[in-house]
Number of protein chains: 2
Amino acid sequence: MTTTTRGFATIQQRDLVNQIADMLTEALLKGDFAPGVHLAEAQLARDFGVSRAPVREAARLLESRGMLVSQPRRGFFVRTFNADELDDVYDLRLCLERHAIRLLAGKLTAGMEAALSDQLETMRRVARNGTAVQQIEEDVAFHRMLCEFSGNHRLVRVFDELCHEMRFCILLIGQLYDDALRVADTHEPILEALRTRSPEAGEAALDYHIGVAQQRVVEMFRERAKG
Amino acid sequence: MTTTTRGFATIQQRDLVNQIADMLTEALLKGDFAPGVHLAEAQLARDFGVSRAPVREAARLLESRGMLVSQPRRGFFVRTFNADELDDVYDLRLCLERHAIRLLAGKLTAGMEAALSDQLETMRRVARNGTAVQQIEEDVAFHRMLCEFSGNHRLVRVFDELCHEMRFCILLIGQLYDDALRVADTHEPILEALRTRSPEAGEAALDYHIGVAQQRVVEMFRERAKG
DNA sequence: CGACTGTCGAGTGTCGACAGTTTGGAGATT
DNA sequence: AATCTCCAAACTGTCGACACTCGACAGTCG
């Protein structure tokens, strides 16, 4: 959080574009728009009570995040995913996190370890009494920490992009965690491997953890496409 | 090239936004704008002879590609790179290509091998009589093929983004290849390793090849920042 | 009956304009 | 001389409007 010299939080210059982008994102994740449907600028502008200009820019933003696609002279459409694309996303995500773990294993500090441990505790807490969305967010936050602690900021940016897409697909499926507490526990081996400072052990733990999730999510997604 | 049933090339619907984005990209890569300088929409609009709307959208596009950054109420600025950021880009690029090689080693077809071999030949040709820009493009094309043949389309997209940034930095440095022919030759071991279908050998060849480039480019970039 | 053509509504691409903000400098003050 | 204040110019964010394009539907001709 950026702060002024007096310690006040700076007033967020949340212009219309970002507000609209956030609202659209939320609507997309809530499933208000079916994949593939056309988003008319003028209609959205009326809905939000603004002109088309900021709507266009917000849509472009979401396009760059892979949530919308545009066709010349036809406008914006909600991004459609197929199971293969989702599989690619998970594959790439694993690639990134493996790399992050490899980097991280060589320079894990006590502070990082504590932060990861805390995050795991948070996951367990929301697993007991939290919404599905919260559970997903805290899960993502753990993995994001791994990326952050790797020290490669560019990697984090790509990870964030992939997360947007995974979230999109997961919430499209409906529900993911039948036993959130058990899912939270499966992160323990990753942290355990990191404590041994062994890149190989870390990669192995990740391979298993993400591999299971990938298989499960992609499978559910493939089923949903059929039914 | 898409064609109609009679063989006509489809008319490119190149709207202003894409044209402007391309021209801006070219100008940035040519070094017409120093890193960090402010790009005024109205001025660009006058230069291009259009209104501000398409200029804004083009700028947003370049922002999403990481070539510009924007600040609320202040507008767009040419992205500045420091050596550490460039190092991150190369680090991530190696991560991606290692993954691509790993995937590719298991399913290399004769067609893929021939394509890579051809591309290597093209590199040698432009190394003898081609511009520095051509040499870089053909070099990138070889590595892009590796990503494409991996079968993970999402990976290719990220690779393309990283390439934009690397190109930006490399052309900022001025020149890269003192001996382009030798550089082209250093790709041979990668192809050779792939022929043995060994993921480990492929990764090792890549590690060396990209490691050398990374060290060299980042070093040159760091020097330039000082002088 | 089928294929082509003209028309119409919806929607995007682009433009010029206005309001509020930021910036840089002239002038005043210490 | 250095710093502060205030103002004007420049710039961004947003808006409403217009022209052109696309897709659909009805009508026409073979």
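Atoms considered below: every heavy atom in the structure, side chains included; atoms not considered: hydrogens, waters and symmetry mates. Proteins get letters first, then strands, A, B, ... in listed order; numbering begins at 1 in each.
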**Request:** Determine whether more than 12 heavy atoms belonging to other residues, nucleotides or ligands lie under 6.0 Å from atom CD of Glu113(B).
**Result:** yes
**Asked** Starting at CZ of Arg73(A) and ending at P of dA24(D), how long is that distance when rounded to a whole Å?
**Response** 17 Å
**Prompt:** Yes or no on side-chain contact (heavy atoms from CB on, under 4.5 Å) for Phe81(A) and Arg79(A), after CA distance, side-chain angles and deciding distance?
**Reply:** CA-CA 7 Å; Phe81(A) 271 99; Arg79(A) 160 81 181 272; 3.3 Å; yes
**Complete:** Note: Leu61(A) and Ala21(A) closest approach over all heavy atoms is CD2-CB, 3.9 Å
Would you tabulate the pairs of protein nitrogen or oxygen atoms and nucleotide nitrogen or oxygen atoms of nucleotides 15-18 of chain D closer than 3.5 angstrom?
from	atom 1	to	atom 2	distance (Å)
dC15(D)	OP2	Ser51(A)	N	2.8
dC15(D)	OP2	Ser51(A)	OG	2.8
dC15(D)	O5'	Ser51(A)	OG	3.4

**Prompt:** Considering residues, nucleotides and ligands other than His38(A), do more than 12 of their heavy atoms fall under 6.0 Å from its NE2?
**Reply:** yes
**Request:** Starting at atom CG of Leu44(A), determine the distance to atom C1' of dT12(C), rounded to an integer number of angstrom.
**Result:** 13 Å
Under-3.5 Å N/O pairs linking protein and nucleotides 7-11 of chain D:
none

**Request:** Would you tell me whether Glu63(B) and Ser70(B) have side-chain atoms, one donor and one acceptor, within less than 3.5 Å of each other?
**Result:** yes
**Asked** Can you tell me how far P of dG23(D) sits from CD of Gln71(A), to the nearest Å?
**Response** 9 Å
**Item:** Listed nucleotide nearest any side-chain atom of Val17(B), set dT21(C), dT12(C), dT14(C)
**Value:** dT14(C)
**Message:** What verdict does the side-chain contact (heavy atoms from CB on, under 4.5 Å) test give for Asp91(B) and His99(A), after you've listed the backbone C-alpha separation in whole Å, the side-chain angles of each residue and the deciding distance to 0.1 Å?
**Reply:** CA-CA 9 Å; Asp91(B) 183 61; His99(A) 190 60; 2.8 Å; yes
**Complete:** Heavy atoms of Phe168(B) and Leu28(B) approach each other most closely as CE1-O, 3.7 Å
**Request:** Starting at atom CG of Leu68(B), determine the distance to atom P of dT12(D), rounded to an integer number of angstrom.
**Result:** 12 Å
**Fill in**
note: Leu61(B), atom CG; dG13(C), atom P; distance rounded to Å ~ 13 Å
**Message:** When you measure from the side chain of Asn152(A) to the backbone of Asp88(B), do you find a donor-acceptor pair of N or O atoms at a distance under 3.5 Å?
**Reply:** yes
**Item:** Spacing between Asn18(B) atom CG and dT12(C) atom P, to the nearest angstrom
**Value:** 17 Å
**Fill in**
Closest heavy-atom pair, Leu155(A) versus Leu96(A), reported as atoms and distance to 0.1 Å, is CD1-O, 3.8 Å
**Fill in**
In whole angstroms, the gap separating C1' of dT12(D) from CD of Glu57(B) amounts to 15 Å
**Request:** Mind calculating the distance between CZ (Phe76(B)) and C1' (dT22(C)) to the nearest angstrom?
**Result:** 16 Å
